[in-house]
Amino acid sequence: MTAQIEASDAAGDAARSEKLAQEQELAAASGFGGRVKGFVTDEERARVAVGKAIRRAICSIGRSDPLLREHLHRRVRTGRYCVCLPKP
């Protein structure tokens, strides 16, 4: 893609050059060659699934008890480890 940007610059096509540069930045930011990065391991897949399940459960609880939802939202943290923080 760099060759296309250089060719556009040489041809004086600044608009195309800018568009290609933006596409290149987007591709670099979104993963490998523009593809979305997949999960590397089963452990990572499980970690993400557990975090989503916890967030869905808190949201479901919030439909019947908004105060409890707020309490859990402030205290529960997901990531590599799932924890419930004590009151400050």
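In what follows, every heavy atom counts, from backbone to side chain, and hydrogens, waters and symmetry copies are set aside. Treat the numbers as computed from the prediction; the structure is a model and nothing was measured.
How far OG1 of Thr41 is from CZ of Arg45: 7.5 Å, rounded to the nearest 0.5 Å. Atoms CD1 and SG, from Ile54 and Cys84 in turn, are 10.0 Å apart once rounded to the nearest 0.5 Å.
The minimum heavy-atom distance between Thr78 and Arg55, with the atom names listed, is OG1-NH1, 3.2 Å. Closest approach of Arg80 and Arg47 over heavy atoms only: CA-CD, 3.7 Å. The nearest pair of heavy atoms linking Ile58 to His73 is CG2-N, 4.4 Å.
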### Task
Please assess Val76 against Cys82 for the test side-chain contact (heavy atoms from CB on, under 4.5 Å), listing each intermediate value before the final yes or no.
CA-CA 7 Å; Val76 174; Cys82 297; 6.0 Å; no
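A 4.5 Å side-chain heavy-atom check between Leu72 and Ile61 finds at least one atom pair inside the cut-off.
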